[in-house]
Protein chains: 4
Amino acid sequence: MARYDFASDNTAGAAPEALASLVEANTGFASSYGSDTVTATAAQAVRTLLDADAEVRFVASGTAANAIACATLCRPFEAVVAHVHAHICTEETGAPGFFGQGLGLIGLPGLAGRIDPAALNAALTQPDVAHRQSPAALSLTQTTEYGAVYTGEALTQLTDAAKAFGLSVHLDGARLANAVAAGFDIKTLKGLGVGLLVIGGTKAGMPLSEAVVLLDPQLSRRFDARLKQSGQLPSKGRFLAAPWIGMLETGAWTARAAHANAMAKALAATMPFPLAHPVEANAVFVTMDDAALARLQAKGWFVYRFTDGSVRFMCSWATTPEAVEELAEALRGIV
Amino acid sequence: MARYDFASDNTAGAAPEALASLVEANTGFASSYGSDTVTATAAQAVRTLLDADAEVRFVASGTAANAIACATLCRPFEAVVAHVHAHICTEETGAPGFFGQGLGLIGLPGLAGRIDPAALNAALTQPDVAHRQSPAALSLTQTTEYGAVYTGEALTQLTDAAKAFGLSVHLDGARLANAVAAGFDIKTLKGLGVGLLVIGGTKAGMPLSEAVVLLDPQLSRRFDARLKQSGQLPSKGRFLAAPWIGMLETGAWTARAAHANAMAKALAATMPFPLAHPVEANAVFVTMDDAALARLQAKGWFVYRFTDGSVRFMCSWATTPEAVEELAEALRGIV
Amino acid sequence: MARYDFASDNTAGAAPEALASLVEANTGFASSYGSDTVTATAAQAVRTLLDADAEVRFVASGTAANAIACATLCRPFEAVVAHVHAHICTEETGAPGFFGQGLGLIGLPGLAGRIDPAALNAALTQPDVAHRQSPAALSLTQTTEYGAVYTGEALTQLTDAAKAFGLSVHLDGARLANAVAAGFDIKTLKGLGVGLLVIGGTKAGMPLSEAVVLLDPQLSRRFDARLKQSGQLPSKGRFLAAPWIGMLETGAWTARAAHANAMAKALAATMPFPLAHPVEANAVFVTMDDAALARLQAKGWFVYRFTDGSVRFMCSWATTPEAVEELAEALRGIV
Amino acid sequence: MARYDFASDNTAGAAPEALASLVEANTGFASSYGSDTVTATAAQAVRTLLDADAEVRFVASGTAANAIACATLCRPFEAVVAHVHAHICTEETGAPGFFGQGLGLIGLPGLAGRIDPAALNAALTQPDVAHRQSPAALSLTQTTEYGAVYTGEALTQLTDAAKAFGLSVHLDGARLANAVAAGFDIKTLKGLGVGLLVIGGTKAGMPLSEAVVLLDPQLSRRFDARLKQSGQLPSKGRFLAAPWIGMLETGAWTARAAHANAMAKALAATMPFPLAHPVEANAVFVTMDDAALARLQAKGWFVYRFTDGSVRFMCSWATTPEAVEELAEALRGIV
């Protein structure tokens, strides 16, 4: 039987706390397009999480959330600076350029998906000439695409550099819960100059929902019109918002991520292949040749070779210790 | 207390059959991006509904579904012909132009939201000149924005005209369930030359989901890449697909719409204000001046004045006979 | 033989002063992309004309200039308010939406192409809701599409209203020379709050060139990158700039327009068909049925029926009194 | 005094044959938007040059021409494959993405700007997955960005590979004249499967004009509407078309390019810095450190360091043997 347990953290279903809230929200009539009380409650829960006064919206797609963020912060003849292996650069079919009418992406290097500050500085000090798309925004990913977690200091260094050159900052937090569970203090985000923050709900255990947070209040004018035009202002908004209530009010958003992180540590501890990146959150990347990967897939385990050539194993809220052990056994059998 | 019962058919929650399927689908791990078995089952249920072999996708937003349809059928320097009061023309913040990079909309007149065939013919026979966006697609709405239902003959007349001029056809079926419940034979769509069909799930009683159906197989090449780039290929696809299984396999998709239609008939029968449009599905449009509308809203009933100046009352799967009676009493009190 | 003399004011060639400057600029090597001395001289001449300190660029296309203006002043989920028969609304194949990624156009009524202030006020006071594209910019045309000339007072009334609602202002001056020749004081533009002005060179007697003037200095950041990306930053910029030197320094830009206006007056004086609009600049619009128009075209005279149903005769710098007399005779023969 | 002679081949003015035709075309009235007889004559001259029956248009900008080509051949969720240092990838401010609504560019390696066939094959055989923009068109540049000339065999190898995978082909011929002058048989293009060809006029000695040639007749439907919407259908079309008549009918288009090529050979022969690329047309690229470049610029010679780190010297129709000798002397003085 095919096993998708470790293929991604989006192969899991919805956590009980998320689903319970969704079911609970299914009561009576509610005003549409996010003007309902369920959405208001969920937005307040996000503000509490961040300890920040901010506009909060809930959308169905992380790709859309990130692309809308880029389009909000960057004009078509400008560029977003990001890690060259960031999700927006490699996994979203050019969505930032689609939503942003051709805006550019400047891909920077850096270990384990963290942007190298020197490379950022080099990009920021390029001449601002008419024949190139010059940087207007910095996009960060926390945790990174390779499962690393920026420290507060590392983020500050990058956002300070961006702000010094007049750039806005976007943070793709599809796996921000995992970073928080790994010790990152989410309340520091508001002080870092992140203008637009996307917080992942889907990978954290919701059916599908991402929170778009406008930490820069200047971005909020007509933002609902932007969402509506982009197909991201759902009429029955409560169903995207509700899972956040259960996940945040019970602490499950962080606790479930902590479990995922622990499962990744457990897998890493027993992994017979060399680690390609440090295991700081819920991902384990290893060096594995094609023959070994084929043998693993032949045993029914679906995992992907990634942009940098390593093979990725993702853990989620739903990963069980038993599954880790089963996978570990399979891995031992293919070395 | 504020009453949103009749403000729209998207103020209702999810019908039991939809929610049950969603909860049931929340089992184990599933492959992502619509490649899972729940999605396959739901797609098959849609094909059975239509008696058509077609690609089926599930997206989170009707606005996105319609805009992607327009963008698929029409290049930026071309136009989509639609009723001037169609949802894509008046309620979607220009989403077709956003997804379609400035594609044009040609608005046609017609009673109760039905396109006047003579007006369509006039649009189709305009000179094809470089300084105007000439028609490339016809967009139909069933039921119409004003709650009318096209007969099969009426649809055939319009689609035949479109096809004779080389146009593709899109059908916005946000309320197609209500049309089917009113007697429209959905299995005739495949023979009409509709290339891209959007079937409403949200207004039919799902949490949020619309089915995008590619009746023209030539449209399917790289359509998933189009959806992904547009932010409409959700990773946990099963949660958008699952409600269709329960709603279609139990017949609730039609039966719940029939209830909504019946509630509208009941409301119309007792309505003390003049009807502005024939009541053929789940909407009641009336002529009501601002003072009367204000008195109604003062009693807590939220309803909207529409593009044509009339006031709209929508019924849904969740509308109760008691609510109809309560509203009717309120209406009698404000005449 | 076919006569295009009155079909448009773009059927004329280049005036001697424009061509002489172009030929004169063809000397030696020059730096590219508008950084040359010819372009600098022409930009200074435009600033002198306007008595304004402003960035000036020269582009090849009025359609592009206007569309870039709209895209500069308006986000995709917002709209430009313009006369419903303005060139950007009717003659440019939806270019504003293309350059502006689906930005909306709100068409307003008004006699002879002048926007009715009451209609503008009605548009500006619509509720700012998420499902519609709300106004972000006002686009004016001077002279109007129907050959009328706004007075300074009339323009002030419109721009004051726009500014009061936070809108930016674009002025399409494809025929601004004709307005100036008719008495409009061009130096008043800088005080009106026009942020982005397009001054017509082509219809004023140049081979092809339009001046884009950024009266609002906040618009200038990375504007050259915008132009380059839009295909409107020509490498051999001097050839678009040079004609402005001859036309402005000799006064021909205004004098040639005065001639065109005089020819229109002469034609109007002898016109046997009823005037549809006041003749205030270089256009004569008349009421003429299809049969009469066909008779005129059968005599070789190409003219167009316009959006409002009237038939247009345009005069240009190259229109001769003899041609006016020949046309007048032909017109008398077809009454 | 600043010397721009070798900064680019767009720093030169217009060749006598081009300017003479332009002046000659300035006679009487002509119908607009490319429907005039001058444009028809020029289009026929281009067809004769190519020995091909094709639609021909004349636009003001090479950037626009290339970007429109990409947008014509590729949908937003697809990609154009090109050399990583091709003009469309590095010098056009993301114009293909702007005109093509976010279409992707896949940059391939290859010596001297020629695409490496093995790299093309690798790109074409990537899995066609939804989260990436898969190739829909191949863009070639002749001569290449580094002044190399593809042989007919080399082009055939690339276009055959592209066609085998269903891709369309665009050829950016901004310097096609130089390739022809170097021995490339332009009449072979029609047999290669190039669907959309851009032929450079500007760098070949015209004021500003590029020919867009639709070798694939299926591309021509509503292409004028596409150009109009893109701001590239000039009203006084004769002024963009006319220079082609003089340049092609006299043979100057090739002869002037041959002169430019000869000047580059002469410069290369005396060049005291190592050549970075073979000198096959009108460009000389050399290895030169920053200090040497600064010394050269201090002597007044403006040239640019290029994407690959080498320094470029361009020759044009206007480059004189005396200038080559003066530059050579300056170069010898800074070694």
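This one's a predicted model, so the numbers in the text were calculated from it and none came from an experiment. Numbered from 1 within each chain, the chains take letters A, B, ... in sequence-line order.
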On a heavy-atom basis, the closest approach of A/Ser32 and B/Thr11 is OG-CG2, 3.6 Å
Honestly, the part of B/Glu91 sitting under 4.5 Å from a heavy atom of chain A is backbone
Would a 4.5 Å heavy-atom cut-off, applied to side chains only, mark A/Phe98 and B/Ser230 as touching?
-> yes
Heavy atoms of A/Phe99 and B/Gln229 approach each other most closely as CE1-O, 3.3 Å
In terms of heavy-atom pairs under 4.5 Å with chain A, the winner among B/Ala30, B/Gly97, B/Ala60, B/Ala67 is B/Ala30
**Q.** Expected output: side-chain A/Lys236 to main-chain B/Gly13 donor-acceptor under 3.5 Å
**A.** yes
Distance col, row B/Leu240:CG vs A/Leu208:CG, nearest 0.5 angstrom, shows 5.0 Å
Scored by heavy-atom pairs under 4.5 Å with chain A, the best of B/Ala64, B/Ala12, B/Pro96, B/Gly28 is B/Ala12
Mind checking whether A/Phe29 and B/Phe6 have side chains closer than 4.5 Å, heavy atoms only? no
Pair count under 4.5 Å, heavy atoms only, with chain A: among B/Ala318, B/Ala95, B/Pro234, B/Pro207, highest is B/Pro207
Under 4.5 Å to a heavy atom of chain B? For A/Thr27 that would be neither
Turns out that what part of B/Ala14 lies under 4.5 Å from chain A's heavy atoms comes down to both
Note: B/Thr93 and A/Ala225 closest approach over all heavy atoms is CG2-O, 3.6 Å
Check: Is there a side-chain contact between B/Asn10 and A/Tyr33, using heavy atoms and a 4.5 Å cut-off?
Finding: yes
Requested in this report: Can you establish whether the number of heavy atoms outside B/Glu24 located under 6.0 Å from its atom CD is more than 12?
Outcome: no
From the list B/Met206, B/Lys228, B/Glu92, B/Gln232, the residue making the most non-hydrogen contacts under 4.5 Å with chain A is B/Lys228
Honestly, the part of A/Leu233 sitting under 4.5 Å from a heavy atom of chain B is neither
Whatever's closer than 4.5 Å to a heavy atom in chain B on A/Arg3 counts as neither
Whatever's closer than 4.5 Å to a heavy atom in chain A on B/Ala7 counts as neither
Under 4.5 Å to a heavy atom of chain A? For B/Arg226 that would be neither
Heavy-atom nearest pair, B/Thr202 first then A/Ser235, reads CG2-OG, 3.6 Å
If one checks every heavy atom of A/Leu22 against chain B at 4.5 Å, the contacting part turns out to be side chain
- Please say whether more than 12 non-hydrogen atoms of neighbouring residues, nucleotides or ligands are located less than 6.0 Å from CD in A/Glu329. no
Applying a strict 4.5 Å limit to non-hydrogen atoms, the region of A/Asp5 in contact with chain B is both
